[in-house]
Every structure is written in structure tokens, then in C-alpha cells.
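Start at 1 with the first residue, then count along the sequence. All heavy atoms count here, side chains included; hydrogens, waters and symmetry mates do not.
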Amino acid sequence: MADAAELVRLLRLRATPRPSPPQRSGPSPRPQRLLRALPRRRPPLSLRCRALDASGPAAVEGERGEEDVFEDEEEYYFSVTSSGLSQVDYLGQSTRGDLNVRRERLEALGGNGESTLHGPIEEIAWKEAEEAETLLHDLGIADPFSVRHSPRGIFCTRTLNLRSISVIGYDMDYTLIHYNVMAWEERAYDYGMDNLKSMGFPVDDLKFDPDLVIRGLIIDKEKGNLVKPDRFGYIKRAMHGTQMLSTPSVSEIYGRELVDLRKESRWEFLNTLFSVSEAVMFMQMVDKLDQGLVPAELGPLDYKGLYNAVSKALFRAHVEGQLKLVDMQREIMAEPERFVEPDPELPLALLDQKEAGKKLLLITNSDYHYTNKMMNHAFNRFLPNDVGWSDLFEMVIVSARKPEFFQLSHPLYEVVTDDGLMHPCFKANSGGLYSGGSAQMVEKSLNIHGDEILYVGDHIYTDVSQSKVHLRWRTALICRELEDEFDALVQSHGQIEKLVSLIQQKEIVGDLFNQLRLAQQRRSNSRPAQTLAATCMDDQELTESMQKLLIVMQRLDEKIGPMLESDGELFNKRWGWLSRAGLWDKSHLTRQIEKYADIYTSRVSNFLHYTPFMYFQSQEQTLAHDAHSYFREESIKAQ
């Protein structure tokens, strides 16, 4: 990884300096850099190649008119597949944006290039792959396998051809800007607690504990519990107040009850890191309610009423996940370095996408003043001279009111001054800064729809599922905790291998015990055992063997049980892994990610290591009846 200084140097080399625009008098100018284009520079090859057209002679490669004169000879070699001529490949992905060797170049190489690339393609591909690995190493670029299997990897649940994406939209909070969770959520917690105190709740002895909860947990408002279900909705771990419940207690309370997120009156899913402060407040107040410390004058409160009180208190600090309290906004904007964690690689990743022809959007629920302040702080110092954060985006939409933004149409306003002055408008244009509106308005303005758009956000519901369900946009989820979980999983490999070995030993011992038990059952009913050898076993030998095996299994259980309980402690001592619920099964959070996010990763800057032309393929999904893993074998060979 290049350090911050080197990245800034590289960024500055990407743009040629230009003189500042002349000062002019008159009405207040549009927001700074809003409509200013990026410094003019020679476009990259992928943009300078003539796109194949569905109209007339342009569709025939090699036949060019005067308007088709290229600046470089290398432009004669390639063309880009346009939307009009795009097809669907064998994985069901659009070929829009794919690079092609021009027909005349193929003919020069000998028909299909066989004179140069002669022989079976399997042999050619093997040789080229080996040479590619060597060249990547010589260039100092990590190979795809190494990048994919790292904390900064981008993980694919549904195959995605990034070349076919014309527009990439971004959320801001916890997506383009990552906050220091302890500083940010502790401040929200303090504001919420101040509100609870003003309402009469006893909160003076309470402190913010970020380790009490993790993303992906679910609040049971009826029982005052915080639960972690598996992918099917069965609850595996639970906490009442701030005390974890034992496995037998969890089974007794919930039995076969399934979590159903459609029942919003009971279940509240912690979709994002913004949920941390709310969950901590509620669980701590459950303890106060159980201890009889909530004043009677607040009325008879059950757990659901308590949750409503907490939500009301925190709602003054949070609105749709954004901190809106004026005093708190002022505090954050006055000290952004205290709350925002910088990422020098992020601007370079977005520049690569923009220069590859992607139209970038910023769609955030935050208002203009807050957005401008945060983006200025997080981006401008890492951008080349005379380039501001808004220059990266084709369109900026603040106060978007997601998730309604993806379903309904709200009034559209254009922000026309640096002070945030707005006036109504009826149409969005490229380069504009707007407030409100709708996703349909964005599609109409850009003349791009559905799977040509990739939207990137941190909130499974507000950002990912709604854009997927209502508009069929492609989606990417940002989950910063993946980096910590990845490292914890690597550190725990040895422990997990020991646990799996013990489980396998118990399974073998248990198989023999069950067979002997069946033989004894059949013998007691005067029936022969499964085999002649089992039938001929002495009664005492049979009984003693079963006793010995049973003792071994009981001792194994004494070892396995605590190891299972502690599995995942390296990530979180109470809840274990983010993505798992138990040793083998996936968590409910992981199920939501797989259902709604085409790709997921820890931060936007991870795109920098994949290029804007990446073809993401979903990973092998294991089947209970197919124990063979093709990709696992290949990864072992590669190591």
C-alpha cells in the first residue's frame, strides 16, 4: 500500500494545473467547484476507443469516416461495446463496456489470430496465466487471488461485470466518509442520554459501551432482549438488558420461534453502525426498568414502551441515521478531524472510475452544509490542485430522504449558492447540486436505468435492499467491521481446526456407539444385528464397549462445549462472529447481505486494487451433498 504522501503525489501527477478562473461581480456564484469540470487531460484508452454503434456503418469495425480519425495508433486496435450492440455472456452479464480487438487487427493476426496464438486454447491460456502472474509480481501489483483473500478484498455474492456499469452512486456517511465509531456514536449516546435525563430517566451512572452490541443484531422490543439469529431466523444467542443468556435459557424463551423482520412492531434490525448508540441505550435502560428504578410518574412502562422512549430521545440526535441536532452538527463540523477517519486512497479510486467513463453520483440524507463540510475535509486535501470533491460527481443530491427516495417522488430543489440557498426546479441536469427528488428522476436525467447503475452504501435496508427491490440497481454494501473479522478469522484458524478435529472424532466414536446400540436393541428383540460379526459379539463385550464409548463422548462434549461458546471471541466476546451464527451456519446479517448486495467490502477505496474494469464472479457455494471444493483445491495449489 502506498502511504498518504505517495498517493497525494500520484494524484497530483494525474492532473495538469490550470489557471484560476477570473473573479467576477454579480449574483452569488454556484457552489464552489460544483459545475467545474475536471482539468482537461488526454482521456484514457478505454474512453478514446470508438464505441461500436448500432447505427449504420459505425457498427462495422475497420470502416472509418473523417470523424473516426484516432489520435494514437493504438486506438486502431480496440473498440468498446456500446449499449446498442451489447449482448449477454454465458454468466448472464451484459457485455456493455467490454473491450474488443478490431476486426482488421484480427485479420492482420491471421483470421482469428491463430498464426500468433496457435494451438489448443487450454495450453495457451495456461502459459499466458503464468506469464501474467510473473508480470504482476514484477510490476508490484498484487494478484487477484491475494487481493480477494485479504481484509481489503471485495467479495461477490452475485456476478457483476463492472465494465457494464455506467453510473456509480454513493452514500456519504459510513460509506465515502468513515467516522470514528467511538467518538461519533458516543457523542450521539451522550445527546440521547441527556434527553432521557430531561424526561426523568435515571442515567447518571451509565456510560457508553460500544462492545455491548455489533451490527446485525436484532432488538426484541417485547421481551427487552437483543438477539442474534441464524440465516433461517432461529435465535442462537440472546442478551436481556446487559446480561447474556445461557443457551438453555435462549431455547426456553424462544423455542422454535423465528425472527420475522416484517413484524416491525416487535423486531428492530441493527442495519448499520448508526444503530450502536440506540441499542446500547435501550439495553442499559432495560436493566433500570427491571431494577424498578424508572420513576412511576413516567407511567407504567413495558419493554416496548421503553424502546419508544429511547427512540424518541435519540431521534432528537438521529434522523434517518444522520445526526441532525444543530449543536452536535456544529461540534462535528468544528472538529471534523476528531470524528472523521481519513482515507487517502479513496479519491484515487473515484478518479479511476470517473476516468474510465463512469458517471459518479453522491446521494445522501445529510443536508448541504453538513455534506459540504464533511466532504471538503475528507476529500479536498487528497485531490490534485484545483480539483474539489464535487468535481468528481456528475450529480450531487443532499437531503435525499432515503429509503423513500427509491420509491416516491419528493419536490426537487436546486442548491444555487455556497450558503445553501435553494430554489424549486423540475428537472435535474448533469453537474447540478440538488436537494430531494427521487431515483426515478436520476434515471430519467441520465437516461440510464436498472442494472447499468451500481449503488454503494452502508445501510442494508435504506441503501441496498430498497434500490435493489424497487429499481433493480446493482448494489454494493460497505461494512468496515469486515477487516477486523477477517483478521480474527485468520488468527483463530488453529483453534477452529482443533475444534473441528474433536467434532469429527466424536462423530466417528458416535457412529460406532449408535451401531452397537442398534445391535443391542435388535438382540433384545431376538433379531440378528446388522452384520454377522455384530451378531456374534459377546453380551458383556457389547455392553462394555458401549460404556467406554459413551464416556469418551461425554468427555469430548465437556471439551467441545466451551470451545463452541468461545468461538468468535476474537471478534466480539459476547456475540462472536459478525457473519456466522454458530460454527457452521451463517448469521441473519450474512443472509441479508447475500440476498441484497451483489458485492460487499470494508471500504470504498478497496476498488482501487481491482480497477474499474473488474469482472466480479460469485464464489463457489458449497452443498451439503457435494463435499468436493474445486476452488479450495486451486487455492491450496497456489500457496
Side-chain angles (χ1 to χ4, degrees), residues 27-37 169-179 184 188 274 316-337 339-340 346-347 350 359-381 383 387-406 408-439 441-442 445-446 455-459 462-463 604:
S28 298
R30 301 290 288 274
Q32 186 179 17
R33 300 189 179 97
L34 177 59
L35 300 178
R36 188 192 304 168
Y170 287 102
D171 175 43
M172 185 180 75
D173 297 303
Y174 279 125
T175 300
L176 289 181
I177 293 179
H178 183 72
Y179 298 101
W184 176 274
F274 277 124
R316 300 179 189 178
H318 279 265
V319 175
E320 293 295 338
Q322 311 302 323
L323 296 177
K324 298 296 183 182
L325 195 62
V326 175
D327 289 341
M328 184 166 180
Q329 275 197 336
R330 289 173 179 168
E331 181 179 345
I332 295 170
M333 289 191 288
E335 297 182 277
E337 64 281 353
F339 296 95
V340 177
L346 180 55
L350 266 60
K359 296 180 179 179
L360 305 185
L361 311 177
L362 175 60
I363 305 174
T364 175
N365 282 359
S366 292
D367 61 32
Y368 166 70
H369 293 100
Y370 186 79
T371 298
N372 188 46
K373 182 67 176 183
M374 293 297 101
M375 292 295 287
N376 272 330
H377 173 78
F379 273 71
N380 286 6
R381 53 182 161 159
L383 286 168
V387 179
W389 68 267
S390 60
D391 295 321
L392 296 171
F393 299 98
E394 187 79 9
M395 189 180 297
V396 175
I397 300 175
V398 299
S399 302
R401 298 179 65 178
K402 296 177 292 180
E404 293 180 2
F405 180 83
F406 297 113
L408 307 175
S409 182
H410 292 290
L412 180 67
Y413 298 88
E414 184 176 14
V415 182
V416 294
T417 69
D418 286 339
D419 295 332
L421 180 65
M422 298 184 292
H423 66 66
C425 63
F426 302 98
K427 181 181 178 181
N429 297 307
S430 295
L433 170 57
Y434 301 97
S435 174
S438 67
M441 172 270 296
V442 172
S445 172
L446 300 177
Y455 190 67
V456 186
D458 71 296
H459 197 294
T462 299
D463 295 321
V604 173

Locate the shortest heavy-atom distance separating Ile177 from Ala378; write the atom from each residue and the value.
-> CG1-CB, 3.9 Å
What are the two closest heavy atoms between Ala428 and Ser445, and how far apart are they?
-> O-OG, 2.7 Å
To the nearest 0.5 Å, what is the distance between CE (Met172) and CD1 (Ile363)?
-> 13.0 Å
Any side-chain heavy atom of Phe339 sitting closer than 4.5 Å to one from Glu331?
-> yes
Mind checking whether Tyr179 and Phe274 have parallel, tilted or perpendicular rings, split at 30° and 60°?
-> tilted
Ignoring hydrogens and geometry, is there a side-chain-to-backbone donor-acceptor pair from Asn365 to Ser399 under 3.5 Å?
-> no
d(Ser366 OG, Met375 CE) to nearest 0.5 Å is 10.5 Å
So do Trp389 and Leu176 actually touch side chain to side chain, heavy atoms under 4.5 Å?
-> no
Please examine the side chains of Val396 and Val415, heavy atoms only from C-beta on, and report whether any two atoms are closer than 4.5 Å.
-> no
Can you find a pair of side-chain heavy atoms, one from Thr462 and one from Phe406, that are under 4.5 Å apart?
-> no
For residues Val398 and Thr364, determine if any side-chain heavy atom of one lies less than 4.5 Å from a side-chain heavy atom of the other.
-> yes
Atom of Leu446, atom of Ser430 and distance for their closest heavy-atom approach = CD2-OG, 4.0 Å
Side-chain contact, heavy-atom cut-off 4.5 Å: Val456 with Thr175?
-> yes
How far does NZ of Lys427 sit from CE of Met441, to the nearest 0.5 angstrom?
-> 12.0 Å
Partners passing side chain to side chain donor-acceptor pair (under 3.5 Å) against His369 (at least two apart in sequence or in another chain) | none
Given side-chain contact (heavy atoms from CB on, under 4.5 Å), test Asp391 with Phe379 step by step and report yes or no.
-> CA-CA 11 Å; Asp391 295 321; Phe379 273 71; over 6 Å; no
Minimal heavy-atom distance between Phe393 and Leu361, with the atoms involved, is CD2-C, 3.5 Å
Do the side chain of Asn429 and the main chain of Gly432 share a donor and acceptor less than 3.5 angstrom apart?
-> no
With a 4.5 Å limit on heavy-atom distance, are the side chains of Cys425 and Tyr434 in contact?
-> yes
Residue pair Tyr413 / Tyr368, side-chain heavy-atom distance below 4.5 Å = no
Separation between CG of Asp171 and OH of Tyr455, rounded to the nearest 0.5 Å = 4.5 Å
Asp173 side, atom CG; Thr371 side, atom OG1 - distance, nearest 0.5 Å | 7.0 Å
What's the spacing between Asp418 CG and Leu433 CG if we round to 0.5 Å?
-> 10.0 Å
So, for Lys373 and Met333, which heavy atoms are closest and what is the spacing to 0.1 Å?
-> CE-O, 2.9 Å
